[in-house]
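In what follows, residues are counted from 1 in the order of the sequence shown.
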Amino acid sequence: MYYASVLLLTLFLPLGSIYADQALGNALPLMLLVGKWFAFWAGGVRLLLAGLRQQVQPRFTAEALFGISGDDALPFVRELGMANVALGVIGIAAVFVPAFVLPAAIASGLYYLQAGIGHIRHGGRNRARALAMISDLFVGLVLLAYVGWAAWSYL
């Protein structure tokens, strides 16, 4: 279930939403749609769901993603979950409030890029951590590319 949800929320649903938006005649520039849908699906829905799971089942993140057994890390994982929920709510709101897209993309893009780099530095990856690393780097780069495009557009 973890693998399917990561692939859906970081690749297939954002790309499908961009395609559907364009197919329905939305004339917005492609990069605006990229920012909107990646902020919503990856920065919003994925982080909200991950945050809720980290608060309810912190052991999964501690053991499956970080390889930490025991109860010492669980309070930190729950705190991470709280931050993920906060970011996720902003990302979800971005699909309804266009002014939220850029802040959601900045915050979640930086978060994902740093998380991906953290996975690289950790080493000793299992499959779940490898997928997290690849998807985090991908989403971070996509969202920050949108941020760069948006910043350039405002000049």
Side-chain angles (χ1 to χ4, degrees), residues 1-22 26 28-58 60-62 64-67 76-154:
M1 185 69 170
Y2 171 74
Y3 300 101
S5 68
V6 169
L7 289 172
L8 278 171
L9 294 170
T10 60
L11 185 62
F12 296 119
L13 289 171
L15 292 177
S17 296
I18 293 165
Y19 177 78
D21 227 349
Q22 288 185 319
N26 193 331
L28 290 174
L30 177 62
M31 283 306 288
L32 280 178
L33 297 176
V34 167
K36 172 184 173 180
W37 290 114
F38 274 90
F40 174 75
W41 288 113
V45 177
R46 180 181 175 196
L47 290 179
L48 177 69
L49 293 175
L52 292 173
R53 184 171 192 180
Q54 288 160 342
Q55 290 181 58
V56 174
Q57 293 179 304
F60 172 79
T61 298
L65 295 182
F66 294 114
F76 296 102
V77 174
R78 284 190 185 98
E79 293 267 344
L80 173 64
M82 293 172 201
N84 280 336
V85 166
L87 284 172
V89 168
I90 295 168
I92 289 171
V95 82
F96 303 104
V97 182
F100 283 17
V101 175
L102 185 57
I106 292 169
S108 58
L110 287 171
Y111 174 80
Y112 274 118
L113 188 62
Q114 291 176 88
I117 291 168
H119 290 303
I120 290 171
R121 290 189 312 199
H122 183 268
R125 284 178 288 282
N126 59 23
R127 283 183 153 173
R129 190 174 183 112
L131 179 61
M133 177 190 70
I134 293 166
S135 64
D136 288 355
L137 291 170
F138 172 73
V139 170
L141 292 172
V142 168
L143 286 170
L144 293 177
Y146 162 74
V147 170
W149 176 86
W152 182 260
S153 298
Y154 290 121

I want to check something: taking the side chain as every heavy atom from C-beta on, are [X] and [Y] in contact at a cut-off of under 4.5 Å?
X	Y	result
Tyr112	Leu47	yes
Leu137	Met133	yes
Thr10	Phe38	no
Arg127	Tyr3	yes

Which atoms form the tightest heavy-atom contact between [X] and [Y], and what is the distance?
X	Y	value
Val85	Gly51	CG2-C, 3.7 Å
His122	Phe66	NE2-O, 3.8 Å
Trp41	Ser17	NE1-OG, 2.8 Å

Excluding sequence neighbours, so at least two apart, what forms side chain to side chain donor-acceptor pair (under 3.5 Å) with [X]?
X	result
Arg78	none
Gln55	none
Asn26	Asp21

Can you run down the salt bridge (charged side-chain N to carboxylate O under 4.0 Å, His left out) pairs that involve [range], sequence neighbours left out, and say none if there aren't any?
range	answer
residues 40-55	Arg46-Asp136
residues 101-121	none
residues 99-117	none

Review item, side-chain donor-acceptor pairs of residues 98-109, under 3.5 Å, at least two apart:
residue: Ser108; atom: OG; partner: Ala104; partner atom: O; Å: 2.6

Open item on the list: Taking ring-ring contact (aromatic ring centres under 6.0 Å, His included) as the definition, give me every residue that meets it alongside Phe60, ordered by chain and number, with sequence neighbours left out.
Closed with: Tyr2
- [ ] Kindly write out the residues that satisfy ring-ring contact (aromatic ring centres under 6.0 Å, His included) with Phe40, not counting sequence neighbours, or none if the list is empty.
- [x]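 Scan of Phe40 (ring-ring contact (aromatic ring centres under 6.0 Å, His included), adjacent residues dropped) gives Trp37.
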Open item on the list: How long is the straight-line distance from CG of Leu87 back to CG of Leu110, given to the nearest 0.5 Å?
Closed with: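 Nearest 0.5 Å value for the CG-CG distance: 10.0 Å.
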Open item on the list: To the closest 0.5 Å, what do you measure between CD1 (Ile92) and CG (Leu48)?
Closed with: 4.5 Å
Task: More than 12 heavy atoms from other groups under 6.0 Å of CZ on Phe138 - done: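 Yes, enclosed.
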Open item on the list: Take a 6.0 Å sphere around OH of Tyr19 and say whether it holds more than 12 heavy atoms from other residues, nucleotides or ligands.
Closed with: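 Counting other residues, nucleotides and ligands, OH of Tyr19 stays at 12 neighbours or fewer.
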Task: Any residue meeting side-chain contact (heavy atoms from CB on, under 4.5 Å) with Leu30, in chain and number order, not counting sequence neighbours - done: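 Expected list: Ile18, Gln22, Val34.
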TODO: Not counting sequence neighbours, which residues clear side-chain contact (heavy atoms from CB on, under 4.5 Å) with Phe12? List them please.
DONE: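 With neighbours one apart ignored, the set is Leu7, Leu8.
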Task: Pair listing, side chain to side chain donor-acceptor pair (under 3.5 Å) test, anchored in residues 79-107, at least two apart - done: Gln54-Asn84, Asn84-Tyr111
